Amino acid sequence: MRYFLSIVMLCVGLHSYGQQQTYCNPINIDYGYTPIEPFTTFGKHRATADPVIVNYKSKYFLFSTNQWGYWWSDDMLHWNFISRKFLRERNKVWDELCAPGAFVMNNELYLIGSTHGKAFSMWKSSNPTKDDWEIAVDSLKVGAWDPGFLYDKDKDKLFLYWGSSNVFPILGTELDTKTFQSDGYVKPILTLHPEDHGWERFGEHNDNTFFQPFMEGAWVTKHNGKYYMQYGAPATEFSGYADGVYVSESPLSGFAYQKHNPFSYKPGGFARGAGHGATYQDNYGNWWHTSTITIAKKNNFERRIGIWPAGFDTDDVMYCNTAYGDYPTYLPQKDADHIKGLFTGWMLLNYNKPVQVSSTLGGYKPNFAVNEDLETYWSAKSGDKGEYFQTDLGEVSTIKAIQINYADQDAEFMGKMLETYHQYKIYISNDGKQWKTLVDKSKNKTDVPHDYIELERPAKGRFLKLENIHMPTGKFALSGFRVFGKGSGEKPTTVQNFVVLRANPAQYGERRSSWIKWRQNDIADGYVIYFGKDPDKLYGSIMVYGTNEYWFTGMDRTDTYYFQIEAFNNNGVSERTEVIEVK
């Protein structure tokens, strides 16, 4: 490792993964491209969703839709791809393991994809870090779409839950642990109630009531003798895509809506959406939730994967902490407080700051790469070596991490492409004239569509330039070139005049929605609104940028809510306001 120090006190370090302690959503894995031709009408693109992470033998195994394989990791940071197709020649379908279900039973890992028929095989492995699988059962006769499994070790029983529909409920049944077949007793578990639960309504803003919402992605977690049935709603293409939870003391009956819902929710910020996922424990026993992040630019099913701290509080309420969930976040830690969160406190330094570029393709404007919107992006006119993107932080700042989010412009690939890679260099400067190398990936041979670099030592500088060397396909395009650390100015003061307007319960009105307003803070980049149904359980959060209002359409009709808000900028986060009650 080499370090440079210029006469202007420019501290720079070529990055190293050796000491990396953080990650940033969307997670950086080599996402495959959609293999389905009709989904490429607006352009070929990377896509996956419906993630399942299973902790097996102290390693993390990640399965998701249409990847022609899966990943495993020792640390939830470095993910190793194992190339494999699990469907057999007799399976004449588009999808290769769409919305897969995985579970561990009797020291073996089991896996199957979604199917409406009876011809899918279930696989098992005791050595899944290699392509070493065998058929556990030739045909799963239930024919489950969006399958979710629970092996209840205490009862030595195996349960299957499934369903993906805007008409039918999520279903459940018990499977024989030897034959993996059901005796035919199938139980309806739950259905949606958008008339009461605002967040279950269809639409980007939960207001397209002409269409019934979808419920899918069943996943059950057992904790303290209770069964937590998780489900995704209202549809995968929306920012409000979330996971809710019902709770029961029985695996197939008696499920009641948890008061604190949705439990996994991220409608704002750079990476939006936190639905259709799975909950698992790390090697310290702490809980995490992985779920789907929406893009839906080139197709409704253009998506990514996020991982969020989760858990159960002292009252056994299930929660998921997505506040600052697309900023640098600490990896698993012993004795971590997931309610408090694992946000590092490293702030975004270049939100809507000035940029310069080598070229621009049509309407794919340069500042789309710094506007904190994963759906929009800047594109150069080519993917050639030498195309560059330069960002001005506005002042000399302390830089701790960088995330490069590549966009798919004129991509030529479909399906899983192995041995593809990105190569680039990042330069740093105080004056935009004299440059030093900060990150050198000119010899990189890995596919890093959401590359995240935690600097081994913080760097100081004002300007950063990302120079393209090699793209795996298409043009040099960025949905986000995000720089994290701390500025040299003041953080915002506490937000003033925070109010939430909601219809009076004694009068006619739409109580699933509210209008939230506050006084604009002159130096704030954005705000995080916290909400919940108990003043001590404000587990929900909404991040907004550049405005002083928010239409919150995700409320449950009959319940009292509590709210707080805080402001943030490149220098830090303000104190939260006092909690306010909204009946």
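Just so you know, these numbers use all the heavy atoms, side chains as well, and skip hydrogens, waters and symmetry mates. Bear in mind that the values here come from a model prediction, so they are computed numbers and not experimental data. Residue indices begin at 1 and follow the sequence shown.
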Any salt bridge between [X] and [Y], counting N to O under 4.0 Å?
{"X": "Lys297", "Y": "Asp408", "answer": "no"}
{"X": "Arg272", "Y": "Glu375", "answer": "yes"}
{"X": "Lys226", "Y": "Glu249", "answer": "no"}
{"X": "Arg46", "Y": "Asp447", "answer": "yes"}
{"X": "Lys533", "Y": "Asp556", "answer": "yes"}

Quick check on side chain to side chain contact (heavy atoms under 4.5 Å, CB included): which of Tyr327, Tyr550, Tyr527 does Met543 satisfy it with?
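Output: one option passes, namely Tyr327.
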
If you look at every heavy atom in Thr553 and Arg201, which pair is closest and at what distance?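 Taking every non-hydrogen atom into account, O-NH2, 2.8 Å.
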
Here the pair of heavy atoms bringing Leu349 nearest to Gly487 is CD2-N, 3.7 Å

Compute whether any side-chain donor of one residue and acceptor of the other, for [X] and [Y], lie under 3.5 angstrom apart.
{"X": "Ser165", "Y": "Glu216", "value": "no"}
{"X": "Asn300", "Y": "Glu302", "value": "no"}
{"X": "Trp515", "Y": "Glu549", "value": "yes"}
{"X": "Thr65", "Y": "Asp50", "value": "yes"}
{"X": "Gln496", "Y": "Arg519", "value": "no"}
{"X": "Asn224", "Y": "Asp316", "value": "yes"}
{"X": "Glu372", "Y": "Tyr351", "value": "no"}
{"X": "Ser264", "Y": "Asp243", "value": "no"}
{"X": "Gln258", "Y": "His260", "value": "no"}
{"X": "Thr22", "Y": "Glu454", "value": "yes"}
{"X": "Tyr324", "Y": "Thr329", "value": "no"}
{"X": "Asn371", "Y": "Thr376", "value": "yes"}
{"X": "Arg303", "Y": "Thr236", "value": "yes"}
{"X": "Thr279", "Y": "Trp287", "value": "no"}
{"X": "Tyr246", "Y": "Asn261", "value": "no"}
{"X": "Asn25", "Y": "Asp326", "value": "no"}
{"X": "Ser239", "Y": "Glu204", "value": "yes"}

Is it the case that atom [atom1] in [X] sees more than 12 heavy atoms from other parts of the structure closer than 6.0 Å?
{"X": "His205", "atom1": "NE2", "value": "no"}
{"X": "Glu575", "atom1": "CD", "value": "no"}
{"X": "Glu510", "atom1": "CD", "value": "yes"}
{"X": "Phe210", "atom1": "CZ", "value": "yes"}
{"X": "Tyr330", "atom1": "OH", "value": "yes"}
{"X": "Lys153", "atom1": "NZ", "value": "no"}

Is the terminal nitrogen or CZ of Arg502 (NZ for Lys, CZ for Arg) located under 6.0 angstrom from the six-membered ring centre of Tyr561 and within 45° of that ring's axis?
no

| message | Is the positively charged end of Arg304 above the ring of Tyr31, judged by distance under 6.0 angstrom from the centroid and angle within 45° of the axis? | response |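 Relative to the ring axis of Tyr31, which defines the angle, Arg304 lies inside both limits.
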
Whether the side chain of [X] engages the backbone of [Y] through a donor-acceptor N/O pair (distance < 3.5 Å, no angle test) should be reported.
{"X": "Ser574", "Y": "Ala567", "result": "yes"}
{"X": "Thr115", "Y": "Ala144", "result": "no"}
{"X": "Asn405", "Y": "Ser479", "result": "no"}
{"X": "Gln281", "Y": "Asn286", "result": "no"}

Measure up the [X] and [Y] rings against each other and bin them: parallel (under 30°), tilted (30 to 60°), perpendicular (over 60°).
{"X": "Phe563", "Y": "Phe498", "result": "perpendicular"}
{"X": "Phe263", "Y": "His289", "result": "perpendicular"}
{"X": "Phe61", "Y": "Tyr70", "result": "tilted"}
{"X": "Tyr377", "Y": "Tyr364", "result": "parallel"}

| Yes or no on side chain to side chain contact (heavy atoms under 4.5 Å, CB included) for Phe301 and Thr34, after CA distance, side-chain angles and deciding distance? | CA-CA 9 Å; Phe301 301 110; Thr34 180; over 6 Å; no

Are the aromatic ring centres of [X] and [Y] under 6.0 angstrom apart?
{"X": "His116", "Y": "Trp145", "result": "yes"}
{"X": "Phe552", "Y": "Phe531", "result": "yes"}
{"X": "Phe81", "Y": "Trp71", "result": "yes"}
{"X": "Phe103", "Y": "Tyr151", "result": "no"}
{"X": "His338", "Y": "Trp288", "result": "yes"}
{"X": "Tyr257", "Y": "His197", "result": "yes"}

- Task: Dump the intermediate steps for side chain to side chain contact (heavy atoms under 4.5 Å, CB included) on Met229 and Ile170, then the final yes or no.
- Result: CA-CA 10 Å; Met229 164 64 76; Ile170 285 178; 4.2 Å; yes

Residue pair Ile307, Ile53: steps toward the side chain to side chain contact (heavy atoms under 4.5 Å, CB included) verdict: CA-CA 10 Å; Ile307 299 176; Ile53 295 180; 3.8 Å; yes

Discussion item. Run the ring pair (Phe, Tyr, Trp, His ring centres under 6.0 Å) test on Tyr161 and Phe149 for me, step by step, so that the C-alpha distance in whole Å, both residues' side-chain angles and the decisive distance to 0.1 Å come before the verdict.
Written reply: CA-CA 6 Å; Tyr161 309 88; Phe149 296 86; 8.9 Å; no

Inset, instruction - Please round to the nearest 0.5 Å and tell me the distance separating atom CG of Asn504 and atom CD of Gln507. - result: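 Output value for this atom pair is 4.5 Å.
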
SG of Cys98 to CG of Asn66, rounded to nearest 0.5 Å, is 6.0 Å

### Task
Begin from the C-alpha positions of Tyr231 and Trp199 and carry the test ring pair (Phe, Tyr, Trp, His ring centres under 6.0 Å) through to its verdict.
CA-CA 13 Å; Tyr231 64 100; Trp199 68 274; 5.8 Å; yes

Q. Salt bridge (Lys or Arg N to Asp or Glu O under 4.0 Å) between Lys537 and Asp313: does it pass, once the steps are laid out?
A. CA-CA 9 Å; Lys537 300 182 190 294; Asp313 69 14; 2.7 Å; yes

Exercise for the section: Begin from the C-alpha positions of Val495 and Asn548 and carry the test side chain to side chain contact (heavy atoms under 4.5 Å, CB included) through to its verdict. Expected result: CA-CA 10 Å; Val495 174; Asn548 68 327; over 6 Å; no

ring-ring contact (aromatic ring centres under 6.0 Å, His included) with Phe312: of Tyr228, Tyr539, Tyr319, only one passes, and it is Tyr228

